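Comments concern the structure below.
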Amino acid sequence: MTKGGMESVEVFTSEGKGRGLKAQKEFLPGDVIFAEPAYAAVVFDSLTHVICHTCFKRQERLHRCGQCKFAYYCDRTCQRAAWLNHKNECSAIRKHGKAPTENIRLAARIMWKIEREGSGLAEGCLVSIDDLQNHVDSFGEEEKKELRADVESFLEFWPPQSQQFGMQYISHIFGVISCNGFTLSDQRGLQAVGVGIFPNLCQANHDCWPNCTVIFNNGNHEAVRSMFHTQMRIELRALSKISPGDELTVSYVDFLNVSEERRKQLKKQYYFDCACEHCKKQIKDDLMLAVKEGESKPSAETVKEVIQFSKDTLEKINKARMEGLYHEVVKLCRECLKKQEPVLGDTNIYLLRILSIASEVLSYLQMFEEAADYAKRMVDGYLKIYHPNNAQLGMAMMRAGVTHWHAGLIEAGHGLICKAYAILLITHGPSHPITKDLEVMRVQTEMELRMFQQNEFMYYKMREAALKNQKIQVMPEPSNETSPSLFHKKE
């Protein structure tokens, strides 16, 4: 079964997993298997005034919709592009007196699209909205309570003159959002900013060690002529060589967790038991729970104590981060590392989590030398655990490279930036804003490295002068999110 723009994949019944997607031809690492625009998408409630409601880019100055005063856009181009989906929403918000929550807004956008086009197969879709899984039958008591509240709020918001839907169908749509809502990020990939429904992507099954990755591309409206504009979309990209007939898989969760924890998370959020090779054989679990080897090998009791101490510290760190107490976060990280270092191995996930937080927060506080040391150890650990073409690995390497550059460690910085660029060319592609940023950094650090190799003394003099003249580029404020899940799940 193929559909416009989807000729290279087919839907099939995957043993024990329901529907899945299969390749119809060969793909190499970095190939785009398909691109899919959102069926419907909304910006998170907390960011509606700082993110464009069409392309989901973060912008300094946005144009506000003059009628509902709720929607914001980059410019007139984005506003015009949004009108078809915003028109009904605009009048409903005005009548309702305020905008409802993101879940209600997304459900309403889906229903208005169904009202316009019917609920059958939309153009370019392999599956209809009606056929997407909703898992409502698997909901626990708390989830059912939330579902009832959402349906109630939806009915209050939904205009009487619009097509009326039955309670069961409305529940189906909320169930679809709950299990299939895809997390959308801003153009730098640094923050989750919204949620969208992509029916074709929903057909790709999970594997903890997948052969594909999903990247959100905000599109480009900057060209003068609109024929060169590209729309917001997700791209399914190959991470390794894929042969015709191979199942196409993506990972719904970050791999940086032991198999038992990943399986628990997948069961809780997506209602299935993961039976992938890495979970069945517990591949890499030994690395993620590594302890120091050799004569001073710690006792099981000591390891248990240190891991408990690490878990407690991570909770304290989260609290301090939420309150913006970054010096307190650094203090907690240093104390924890002192306890961890004699006991845990270099690839232990508890050590790696603390190293990641410490390097990010120290960079933000401009304590770059200490940050670079932690970032290097973090990346060395990640390299032994992650798939070589993992997007999280590429992003971590990019951050580590920038931190090294700030610390004046130009050789190591350039090396990390080059490695990150090679990964992101595959996971994000050459035209993605993050890859373009990285290319600029790569060229700059290469030039600086040449200068450094020719005359070290002169290089440091020029660097000092340059940094005095320009505002030092401050690292982004550390986010409180762990790496976002592929699909957005209401907490």
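Worth saying up front: this structure is predicted, and the values here are computed from it rather than measured.
With sequence neighbours excluded, the residues forming a side-chain contact (heavy atoms from CB on, under 4.5 Å) with Ala38 are Ala41, Phe198, Met232, listed by chain and number. With sequence neighbours left out, the salt bridge (charged side-chain N to carboxylate O under 4.0 Å, His left out) criterion links Asp130 to no other residue.
Ring centroid separation for the pair Phe70 and His53 comes in under the 6.0 Å cut-off. With ring centers used as reference points, Phe368 lies 6.0 Å or more from His404.
Of all non-hydrogen atoms in Leu62 and His49, the two that sit nearest each other are CD1-O, 3.5 Å. Residues Ile197 and Ile177 come closest through the heavy atom pair CD1-CA, 4.0 Å. Residues Ala375 and Ser359 approach most closely at N-CB, 3.7 Å, considering heavy atoms. Minimum interatomic distance between Cys333 and Ile357 (heavy atoms only, all atoms of both residues): SG-CG2, 4.0 Å. The two residues Lys384 and Leu287 make their nearest non-hydrogen contact at O-CD1, 3.4 Å. For the residue pair His428 and Thr435, the shortest heavy atom distance occurs at CB-OG1, 3.5 Å.
Annotation: the span from Phe44 atom CZ to Asn103 atom CG amounts to 10.0 Å, rounded to 0.5 Å. Glu439 CD to Lys436 NZ: the interatomic distance, rounded to the nearest 0.5 Å, is 11.0 Å. Atoms CG and OH, from Asp207 and Tyr252 in turn, are 10.5 Å apart once rounded to the nearest 0.5 Å. Rounded to the nearest 0.5 Å, atoms CE (Met397) and CG (Leu416) are 6.0 Å apart. Taking OG of Ser185 as the reference point, atom CD of Gln191 lies at 9.5 Å (rounded to 0.5 Å). Here the CE-CG distance, from Met378 to Leu351, works out to 11.5 Å after rounding to the nearest 0.5 Å.
Counting heavy atoms from C-beta on, the side chains of Asn257 and Val253 never come closer than 4.5 Å. Inter-residue side-chain proximity for Arg442 and Leu438 is flagged as unmet; no heavy-atom pair is nearer than 4.5 Å. Residues Phe56 and Asp186 fail the side-chain proximity criterion, which asks for heavy atoms closer than 4.5 Å. Considering only heavy atoms from C-beta on, Glu247 stays 4.5 Å or farther from Leu21 through its side chain. Inter-residue side-chain proximity for Asn200 and Phe34 is flagged as met; some heavy-atom pair is nearer than 4.5 Å. Looking at heavy atoms from C-beta onward, Leu236 lies out of side-chain contact with Val32 at the 4.5 angstrom threshold. Asn389 is not listed as a side-chain neighbour of Thr213, based on a closest heavy-atom distance of 4.5 Å or more. The shortest distance between side-chain heavy atoms of Cys74 and Cys55 falls below 4.5 Å.
The neighbour count for Asp246 CG, taken as heavy atoms of other residues, nucleotides or ligands under 6.0 Å away, is above 12. Within a 6.0 Å radius of NZ in Lys419, no more than 12 heavy atoms belonging to other residues, nucleotides or ligands are found. Surrounding CD of Glu369 are at most 12 heavy atoms belonging to other residues, nucleotides or ligands under 6.0 Å away.
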Task: Step-by-step salt bridge (Lys or Arg N to Asp or Glu O under 4.0 Å) determination, Lys267 to Asp273 - done: CA-CA 6 Å; Lys267 183 72 173 170; Asp273 296 299; 3.5 Å; yes

TODO: Assess whether side-chain contact (heavy atoms from CB on, under 4.5 Å) is satisfied between Arg109 and Asn88, documenting all intermediate values.
DONE: CA-CA 8 Å; Arg109 283 188 164 222; Asn88 295 103; over 6 Å; no

Open item on the list: Would Leu314 and Ile354 count as a side-chain contact (heavy atoms from CB on, under 4.5 Å) here? Give the steps.
Closed with: CA-CA 8 Å; Leu314 283 162; Ile354 298 290; 3.8 Å; yes

Task: Chi angles and distances behind the side-chain contact (heavy atoms from CB on, under 4.5 Å) call for Met288, Thr347 - done: CA-CA 6 Å; Met288 294 195 226; Thr347 54; over 6 Å; no

- [ ] Assess whether side-chain contact (heavy atoms from CB on, under 4.5 Å) is satisfied between Ile33 and Val9, documenting all intermediate values.
- [x] CA-CA 8 Å; Ile33 295 165; Val9 298; 3.5 Å; yes

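In this structure a side-chain-to-backbone donor-acceptor pair under 3.5 Å is missing from Arg262 to Cys208. Arg263 contributes a side-chain N or O that, together with a main-chain N or O of Cys274, makes up a donor-acceptor pair within less than 3.5 Å. Side-chain N or O atoms of His432 include one that pairs as donor or acceptor with a backbone N or O of Phe216 at under 3.5 Å. In terms of modelled atom types and a separation under 3.5 Å, the side chain of Asn217 and the main chain of Arg233 share no donor-acceptor contact. Judged by distance alone, the side chain of Asn211 and the main-chain N or O of Leu239 form no donor-acceptor pair under 3.5 Å. Using modelled atom types, no side-chain atom of Ser243 and backbone atom of Glu26 make a donor-acceptor pair closer than 3.5 Å. Asp75 places a side-chain N or O within donor-acceptor distance of the main-chain N or O of Cys78, the cut-off being under 3.5 Å. Looking only at distances, no side-chain donor or acceptor of Thr427 sits under 3.5 Å from a matching main-chain atom of Asn390. When atom types are taken as modelled, the side chain of Glu36 and the backbone of Ile234 share no donor-acceptor pair closer than 3.5 angstrom. In this structure, Thr445 contributes its side chain and Met441 its backbone to a donor-acceptor pair below 3.5 Å.
Between the side chains of Glu370 and Tyr374, a donor-acceptor pair is found at a separation under 3.5 Å. Side chains of Ser259 and Asp285: a donor-acceptor N/O pair is present below 3.5 angstrom, by distance only. Side-chain contact annotation: Arg450 with Gln453, donor-acceptor N/O pair under 3.5 Å absent. A donor-acceptor contact closer than 3.5 angstrom is absent between the side chains of Glu261 and Gln265. For the residue pair Thr403 and Ser363, a side-chain donor N or O sits within less than 3.5 Å of a side-chain acceptor on the partner. Using modelled atom types, one finds no donor on one side chain facing an acceptor on the other under 3.5 Å when comparing Gln133 with Asn180.
Cation-pi geometry between Lys241 and Phe27 is not met: the NZ or CZ atom fails to fall both under 6.0 Å from the ring centre and inside 45° of the normal. For the pair Arg353 and Tyr350, the distance from NZ or CZ to the six-membered ring centre is under 6.0 Å and the angle to the ring normal is within 45 degrees.
Ring geometry, Phe272 versus Tyr270: the interplanar angle falls from 30° to 60°, so the pair is classed tilted. Between His278 and Trp209, the ring planes lie parallel to each other; the angle is under 30°, not in the 30° to 60° tilted range.
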